[in-house]
Amino acid sequence: MSWIHLLMTMTDELRRLPSVDEALRAAMRMNLAPEVVRLQLVEWIRTALNELRQRIMNGESFDEETILEAVIESTRELILLDAGRQLRPVINCTGIVLHTNLGRAPLAEVAIQRIQECAGYVNVEMNLQTGKRNARGERVVQLLRQLTGAEDVAVVNNCAAATMLALQTVAAGREVIVSRGQLVEIGGGYRLPEVFTASGALLKEVGTTNRTYIDDYEAAIGENTAAIIRVHRSNFSQCGFVTEPDLADIVSLGRTRGIVVIDDLGSGSMHGMAAFGLHEPTVPASVAAGADLVLFSGDKLFGGPQSGILAGRQRWVAALHHNPLMRAMRVDKLILAALEATAEIHLSGNALSDLPLLQMLTRTREDVHKACESVRRELNFPNGIEVSVEPCLSEAGGGSMPGAKLESFGLRLAGMNAECFCRELRIGSPAVLGRIHEDAVLLDLRAVADHQRDELVKCINRAVRHCSDKVRE
Ligand SMILES: *Cc1c(COP(=O)(O)O)cnc(C)c1O
C-alpha cells in the first residue's frame, strides 16, 4: 500500500469515530456508570476518544461496529480506574502494620468517635468555662507535654512539616550540621536533605556513612552554625563498623557552644517496647536527654492521625509559634480531636490494649493463629481450592523498626490464579489487600481487627467464587 493510500484509510477510520454525544448516548443506553455525574462521564469519553484516535494513527484499524465498542470499552476502563482511586476502607492482610499506602495507623475507636462528634461546630479556639478565646489545640498540647515531659509542644501537619518549620525557625540562612550516616530518604522519593535545604538552612555534612564522632560535630561548628540535627534511621539499619555519638553527648556539645539540637525521631514511640522484641528510641528519652526540639509523626508509633509533633524547650516552641509558616501548617479540628483522644489513651496507661496499632504490633503469634483458624472455619470453597494456615513474618513498616520481623500466621490460598484472586479481593467492598507468594495468596491476619473478620470471610468467599468460575469458563 502506498503511503497516500494508508493516509486515506486512516482518515476514513478517524472519521468513523463517534462524536462525544453519540458515545454518551451509547454509554447511557448501556447504563455504563449510573452513579457517575454526567460531566465526569463526558470527560472520560473525551479521553477515550483521544486514546482511540491515537491508536488509529498508530496503525490499528476498526470498522463501523467495533469502533463504538472500543470507545465504550476504553471508557469502562477509565471508570474502573477512577473507582480504584476512590478512598474506601481496606482490610490490611499485607502483614505490614504501619502501611503508608494504607494511611498508616488505624485510629482507635474513641478517636474515630471524637472526630465524628467534632465535625460540626466545636470549641477549637475557645474555653467553654470562661467563654474566652484560647490557643488552638491548647488541651492537646498540655496532654502531649505530660506525655513527653517537654516544656512545650507544637502540632503541625506531619513530621516533614515539623522538620521544615524547626529548621526555618532556628537556622534559615545559617548552617545545620548533620551526620552523613543520617541523610535519609523516607519513601515516595522524599529525601530529608532536600527538605532541610528547602527550609533555607545550609546543610553541613560531617562524618562518613558509617562513622561519625562527637569530634566531627565539634570541628564543624563555626560562626554561622545554628543547629545540629540528628535524624533517626527509621527505615533502615546499619550494622558492623558503625559509630554515632549518643544524643546526650550532642546535647552537651550544643549547650557549651550555644547551638540548638534538633532530634528528628520520625516514628515517635512513647513506650519502650523491647519486651516485645521491638526496638525503637522513645520520645520521652530524647526529651529527657535534653534535645531542644524532638520531632515525630502522629500517625506512626504514636498511633494517631497524620500530624507532626514538636516537643521541646519553651523558648524554641515559642519561636515556632512566631514563625508565619506555623499558620500555613496548622492542623484542623478533626485532627486535633483524634489526636486528643489518642493522647488520652497514652496517658491512661492502656495504650497497648486500646490503640489498634500497638495492639497489632504486640499481638502474639498464637493469637493471630487463632484468628486464622476462626476465619478458615467460615470459608466455603468449591473443590480444587486449598486453604491452610501457615506461619509467616509481619513487619512494623512505615518508617519504624527497620528489619524487625514479627512472627505471625496467615491463610494461604492456592489452586486458582493468584493474580485474579488478589484483584478480586482488591476491588471488593471493603477492599482486601494480601500478597502473592509462590503462586499462592497469603493473607496475614496480624493487622486485621476482630470486628473485621466476618467481612473478611465474605470478601474471600466472594473473590474465590469469582476466580474459580473464571477458571472453569
Ligand atoms: C517518617 C519520618 C519523617 C516524615 O514524617 P511524616 O509524618 O511522614 O511527614 C521524618 N523523619 C523521619 C526520621 C521519619 O521516620
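We count ligands from 1, going down the list as the structure has it; atoms in each ligand are counted the same way.
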Do any N/O atoms on [X] end up under 3.5 angstrom from N/O atoms on ligand 1?
{"X": "Asp264", "value": "yes"}
{"X": "Ser297", "value": "yes"}
{"X": "His232", "value": "no"}
{"X": "Cys159", "value": "yes"}

>> Measuring from atom 12 (C) of ligand 1, which candidate in Ala161, Gly268, Ser307, Gly266 has the nearest non-hydrogen atom?
In response: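 Among Ala161, Gly268, Ser307, Gly266, the closest heavy atom to atom 12 (C) of ligand 1 belongs to Gly266.
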>> Under 4.0 Å, counting heavy atoms only: does Arg104 come that close to any atom of ligand 1?
In response: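 Right, Arg104 reaches ligand 1.
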> Can you tell me if Gln306 has a non-hydrogen atom under 4.0 Å from ligand 1?
Replying inline: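 Gln306: no contact with ligand 1 (<4.0 Å).
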>> So, applying side chain to side chain contact (heavy atoms under 4.5 Å, CB included) with Leu325, which one of Leu165, Thr169, Leu320 is it?
In response: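 Of all the options given, the one that passes is Leu165.
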> So do the side chains of Leu361 and Leu278 get within less than 4.5 Å of each other, counting heavy atoms only?
Replying inline: yes
>> Quick test of your reading: applying salt bridge (Lys or Arg N to Asp or Glu O under 4.0 Å), list the pairs with at least one residue in residues 138-153, sequence neighbours left out, ordered by first then second residue.
In response: Arg139-Glu340, Arg139-Glu344, Glu151-Arg313
> What part of Ala160, side chain, backbone, both or neither, has a heavy atom within less than 4.0 angstrom of ligand 1?
Replying inline: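 Both backbone and side chain.
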Check: residues 253-265 side-chain donor-acceptor pairs under 3.5 Å, at least two apart:
unit_1 : atom_1 : unit_2 : atom_2 : d
Arg255 : NH2    : Gly290 : O      : 3.1
Thr256 : OG1    : Ser252 : O      : 2.5
Thr256 : OG1    : Leu253 : O      : 3.2
Asp263 : OD1    : Arg230 : NE     : 2.8
Asp263 : OD1    : Arg230 : NH2    : 3.4
Asp263 : OD2    : Arg230 : NH2    : 3.2
Asp263 : OD2    : Ser286 : OG     : 2.6
Asp264 : OD1    : Gly266 : N      : 3.3

> Would you say the ring centroid of Phe302 lies under 6.0 angstrom from that of His346?
Replying inline: yes
> Less than 4.0 Å between a side-chain N and a carboxylate O, is that true for Glu373 and Lys370?
Replying inline: no
